[in-house]
Amino acid sequence: MSKVEPIRDKKQIDALKKYLLGWNLQYYCLINFMINVPLRVSDVLSLKWKDVYDYKKRTFNDHIVVKEKKTGKLNTLVLNDMAVKGLKMYLNSLNLNEEDEYIFKSREGISKPLTRQRVSQIIKSSCAAVGIKENVNCHTMRKSMGYHLWNNGISPAVIMEIYNHSNLTVSKRYFGVNQLDKDNALKNIKL
C-alpha cells in the first residue's frame, strides 16, 4: 500500500469543497467534516446526530466526545465553525426527527452509515475531478488537518494531543513535510 498524502494547498481544499457542494450536499458535509475534525473515517461514520446536535436546545454542541475504534481511547474535539457550517447546511436539508440516525447515512438499508469503501470512492473521484494528483484516500482528510496545523505554527505536542497519538513519531507522519517545506524553511531563515 502506498503512502497517502495530505492536501497541502488550501485552494485545492476550497476547490474540492466547492465541487462537492455542487454534486451532493451529504458528501460535501462529510468531506468538510473530515477535514475540520481530524477523526479516523471509522469514527466519523459511527457518528449520529445526537453526537453533534442538542435537540432540546436546538444548537450544535461545542465539542464531540468519541471513543476511538482503533485505540479505544476517548478523544474530545471542538466542532469548529467550518464543521458546524457544513452540518447546519446538511441538517437544514433533511426532514430529520430522529436523533439516533447516522449523520452520514447510506441509501442502502435503514439506519446504516456510508461504508469506508464508498467514502474512499467519493474522495478519490472528487479529488481527481478538481485536479488533485497526490495519492489520496480516507486518511488524506485527517492528514490534511495535521499538515495545516503544523504549517500554521501549532506545536507538534498539541497536534499529538489532538490526534490522540502516543508518541511524536506517529504525529510527524501527519505533518506531511516534503522537500519543498524543507527548502522554504531553510531559504527563509537569515542568520
Side-chain angles (χ1 to χ4, degrees), residues 6-7 10 13-14 16-116 118-120 122-123 126 138-150 152-155 157-165 171 174:
I7 303 172
K10 176 95 170 56
I13 292 173
D14 293 340
L16 177 63
K17 291 181 358 180
K18 184 178 178 182
Y19 171 80
L20 287 161
L21 191 55
W23 176 30
N24 182 300
L25 186 56
Q26 180 186 22
Y27 298 164
Y28 162 80
C29 182
L30 170 68
I31 301 308
N32 181 63
F33 189 87
M34 289 176 71
I35 287 174
N36 285 287
V37 183
L39 291 170
R40 290 175 187 88
V41 68
S42 58
D43 296 321
V44 171
L45 295 178
S46 70
L47 292 173
K48 296 186 175 185
W49 282 104
K50 67 182 178 183
D51 297 320
V52 299
Y53 188 74
D54 185 324
Y55 276 80
K56 289 179 183 149
K57 295 179 184 175
R58 297 267 183 228
T59 60
F60 282 89
N61 300 334
D62 292 330
H63 294 85
I64 59 170
V65 179
V66 176
K67 184 175 182 180
E68 296 177 343
K69 287 185 178 191
K70 181 177 179 180
T71 64
K73 295 190 269 185
L74 283 179
N75 199 354
T76 302
L77 296 168
V78 71
L79 287 176
N80 69 20
D81 292 342
M82 292 304 291
V84 171
K85 178 184 172 187
L87 289 168
K88 272 184 189 176
M89 287 174 58
Y90 185 42
L91 182 60
N92 289 337
S93 75
L94 301 173
N95 185 15
L96 186 69
N97 296 318
E98 184 57 53
E99 64 185 28
D100 256 345
E101 284 189 35
Y102 289 103
I103 299 172
F104 305 109
K105 206 162 88 169
S106 171
R107 292 182 290 169
E108 296 178 19
I110 294 175
S111 198
K112 282 180 137 178
L114 289 169
T115 65
R116 178 186 181 94
R118 180 64 185 135
V119 175
S120 185
I122 293 164
I123 291 169
S126 300
C138 298
H139 220 57
T140 294
M141 302 305 128
R142 186 167 152 91
K143 280 189 162 191
S144 296
M145 174 59 91
Y147 174 81
H148 288 279
L149 287 168
W150 170 78
N152 281 291
I154 304 301
S155 163
V158 173
I159 298 170
M160 188 176 102
E161 288 295 317
I162 289 169
Y163 282 90
N164 227 354
H165 288 149
S171 296
Y174 287 72

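The chain is numbered in sequence order, starting from 1.
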[X] and [Y]: which non-hydrogen atoms are nearest, and at how many Å?
X      : Y      : result
Leu45  : Thr115 : CD1-C, 3.8 Å
Cys138 : Ser120 : SG-N, 3.6 Å
Gly146 : Tyr163 : N-OH, 2.7 Å

Do Glu108 and Lys112 sit within salt-bridge range, that is, some charged N less than 4.0 Å from a carboxylate O? no
Can you find a pair of side-chain heavy atoms, one from [X] and one from [Y], that are under 4.5 Å apart?
X      : Y      : result
Met141 : Ile7   : yes
Leu114 : Tyr102 : no
Leu30  : Val44  : yes
Ile162 : Pro38  : yes
Ile64  : Leu39  : yes

For [X], check salt bridge (Lys or Arg N to Asp or Glu O under 4.0 Å) against everything at least two apart and list the hits.
X     : value
Arg40 : Glu68
Asp14 : Lys10
Asp81 : none

Donor-acceptor contacts, no H, no angles, side chain residues 82-94, under 3.5 Å, sequence neighbours left out:
| residue | atom | partner | partner atom | Å |
| --- | --- | --- | --- | --- |
| Tyr90 | OH | Gln26 | NE2 | 3.4 |
| Asn92 | ND2 | Lys88 | O | 3.2 |
| Ser93 | OG | Tyr90 | O | 2.7 |

State the [atom1]-[atom2] distance between [X] and [Y], to the nearest 0.5 angstrom.
X      : Y      : atom1 : atom2 : result
Asn164 : Leu77  : CG    : CG    : 8.0 Å
Met34  : Ile122 : CE    : CD1   : 9.5 Å
Leu20  : Tyr28  : CG    : OH    : 9.0 Å
Tyr53  : Thr59  : OH    : OG1   : 7.0 Å
Lys69  : Ser46  : NZ    : OG    : 4.5 Å
Lys105 : Trp49  : NZ    : CH2   : 11.0 Å

Test: salt bridge (Lys or Arg N to Asp or Glu O under 4.0 Å). Region: residues 46-67. Which pairs qualify, not counting sequence neighbours? Lys50-Asp100
Residues in side-chain hydrogen bond (donor to acceptor under 3.5 Å, both in side chains) with Tyr147, at least two apart? Asp181
Only one of Thr140, Ile123, Ile13 passes side chain to side chain contact (heavy atoms under 4.5 Å, CB included) with Ile31; say which it is. Ile123
Parallel, tilted or perpendicular: rings of Tyr27 and Trp23 (30°, 60°): perpendicular
Start with the C-alpha distance between Leu47 and Val66, add both sets of side-chain angles, then the distance that settles side chain to side chain contact (heavy atoms under 4.5 Å, CB included), and finish with yes or no. CA-CA 9 Å; Leu47 292 173; Val66 176; 4.2 Å; yes
